[in-house]
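Keep in mind it's a predicted model, so treat the numbers as computed, not measured.
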Amino acid sequence: MLPTLLSRTAWFVLLCLLQALVFNHVHIAGIATPMPYVFFLIILHSDTPHWTYVACGFLMGLAIDLFSGTPGMAAASLCLAGLLAPWLLRAFAPGESDDEAFAPSAKTMKWSGFTGYAASLVLVNCIGFFLIENFSFFNWDYLLLATGGSAALSLCFIVAMELIRTKDRQADRKRTRGA
């Protein structure tokens, strides 16, 4: 329990710092900004209570809003993503894990399931974020470009973080076997 809590806290702090110090300053063509902080919701265990997804989304979004100067936009969009995350996880979960709890990862879900789950959650977050930012459907071309570009960039960074996370786990296993 304690190692899980420490791991989640470390991810929370790391993702907030990365967003505030690095990703907020990356703007491809002035439109697309990566938002990989959604990874915090993606890696929550499948047996996590529904309200915890929403609460974690709100807390992460509030922290991002404080550092980014986006009052309530990240909190609202991550609450929406947290609300839909358990259902999306069930939709992309491997077939044999219906009754068992698992930690979403490329290993437990295979890359296709994990990428589908991550892409859908990132897309929900980006749609919510840019709908709140625009507060209008009249500038739909910007809305599509910003949502699509930001979702694609975010997904690329999330896949990279998952690759690093799986490599670290493999290295830890090799160290424990060798010791």
Side-chain angles (χ1 to χ4, degrees), residues 2-45 48 52-85 88-89 103-107 111 114-115 117-135 139 142-172:
L2 184 61
T4 303
L5 182 63
L6 291 175
S7 171
R8 297 290 181 253
T9 304
W11 274 109
F12 184 92
V13 171
L14 177 69
L15 289 169
C16 283
L17 287 174
L18 281 173
Q19 186 67 37
L21 300 174
V22 178
F23 295 124
N24 279 346
H25 304 290
V26 176
H27 304 288
I28 307 297
I31 294 176
T33 302
M35 298 182 214
Y37 51 82
V38 181
F39 190 63
F40 185 70
L41 291 179
I42 292 171
I43 61 174
L44 291 176
H45 282 259
T48 303
T52 306
Y53 277 98
V54 178
C56 286
F58 177 74
L59 290 175
M60 174 63 85
L62 189 62
I64 297 299
D65 285 334
L66 287 173
F67 290 119
S68 303
T70 55
M73 292 170 26
S77 62
L78 271 178
C79 278
L80 176 63
L83 185 66
L84 298 176
L88 292 171
L89 180 57
S105 68
K107 183 179 180 185
W111 273 106
F114 179 80
T115 307
Y117 172 54
S120 59
L121 211 54
V122 165
L123 193 60
V124 165
N125 179 62
C126 288
I127 288 170
F129 187 88
F130 289 109
L131 278 176
I132 293 169
E133 182 187 55
N134 277 346
F135 213 63
N139 199 2
Y142 169 78
L143 187 66
L144 287 175
L145 284 172
T147 301
S150 295
L153 272 175
S154 300
L155 187 60
C156 288
F157 284 111
I158 286 171
V159 167
M161 285 188 279
E162 181 62 20
L163 280 169
I164 292 168
R165 195 170 76 130
T166 55
K167 297 285 187 210
D168 285 345
R169 274 199 216 130
Q170 289 172 355
D172 286 343

Sorted by chain and residue number, the ring pair (Phe, Tyr, Trp, His ring centres under 6.0 Å) partners of Tyr37 (sequence neighbours excluded) come out as none

Considering all heavy atoms, the nearest Gly82-Tyr53 contact: O-CB, 3.2 Å

Drop me the distance from Lys167's NZ to Glu162's CD, to the nearest 0.5 angstrom. 11.0 Å

Using modelled atom types only, decide if a donor and an acceptor are shared between the side chain of Thr166 and the backbone of Leu163 within a distance under 3.5 Å. yes

Atom of Gly57, atom of Leu78 and distance for their closest heavy-atom approach: O-CB, 3.3 Å

Inter-residue atom distance Ile132.CD1 - Leu80.CG, 0.5 Å rounding: 8.0 Å

Holding to ring pair (Phe, Tyr, Trp, His ring centres under 6.0 Å), I want the full list of residues that pass it with Phe12, two or more places apart in sequence or in another chain. Phe40

Which atom of Gly128 lies closest to which atom of Ser77, heavy atoms considered: C-CB, 3.9 Å

For Phe23, give me all partners under ring pair (Phe, Tyr, Trp, His ring centres under 6.0 Å), at least two apart in sequence or on another chain. Phe157

Tell me which pairs pass side-chain hydrogen bond (donor to acceptor under 3.5 Å, both in side chains) where either residue lies in residues 2-18, with sequence neighbours left out. Arg8-His45

Starting at OG of Ser150, measure out to CG of Leu155 and round the result to the nearest 0.5 Å. 12.5 Å

Rounded to the nearest 0.5 Å, the OG atom of Ser68 sits from the CD atom of Gln19 at a distance of 5.5 Å

Please report the interatomic distance CG(Leu145) to CD1(Ile28), rounded to the nearest 0.5 Å. 13.5 Å

Below 4.5 Å, heavy atoms only, C-beta onward: do Met60 and Leu15 meet side chain to side chain? yes

Which atom names give the shortest non-hydrogen contact between Ile64 and Cys16, and what distance separates them? CD1-CA, 4.0 Å

Got a sec, which pairs hit side-chain hydrogen bond (donor to acceptor under 3.5 Å, both in side chains) with one end in residues 54-63, sequence neighbours left out? none

Residues Asn24 and Phe67: closest non-hydrogen pair is ND2-O, 4.3 Å

N/O donor-acceptor pair under 3.5 Å between Thr147 side chain and Leu144 backbone: no

Should Ile43 and Arg165 be marked as a side-chain contact (heavy atoms from CB on, under 4.5 Å) after you check the CA-CA gap, both sets of side-chain angles, and the distance that decides it? CA-CA 11 Å; Ile43 61 174; Arg165 195 170 76 130; 3.4 Å; yes

Between Leu121 and Asn125, is a side-chain contact (heavy atoms from CB on, under 4.5 Å) present by the stated rule, with each step listed? CA-CA 6 Å; Leu121 211 54; Asn125 179 62; over 6 Å; no

How long is the gap from SG on Cys79 to CG on Leu84, to the nearest 0.5 Å? 11.0 Å

With sequence neighbours left out, the residues meeting side-chain contact (heavy atoms from CB on, under 4.5 Å) with Tyr142 are Ile31, Phe130, Glu133, Asn134, Asn139, Ala146

Under 3.5 Å, side chain of Asp65 to main-chain N/O of Pro71, donor-acceptor pair present? no

Write down the atom of Ser154, the atom of Val122, and the distance for their closest heavy-atom approach. CB-CG1, 3.7 Å

Between Phe114 and Lys107, does a side-chain contact (heavy atoms from CB on, under 4.5 Å) hold up when you go through it step by step? CA-CA 9 Å; Phe114 179 80; Lys107 183 179 180 185; over 6 Å; no

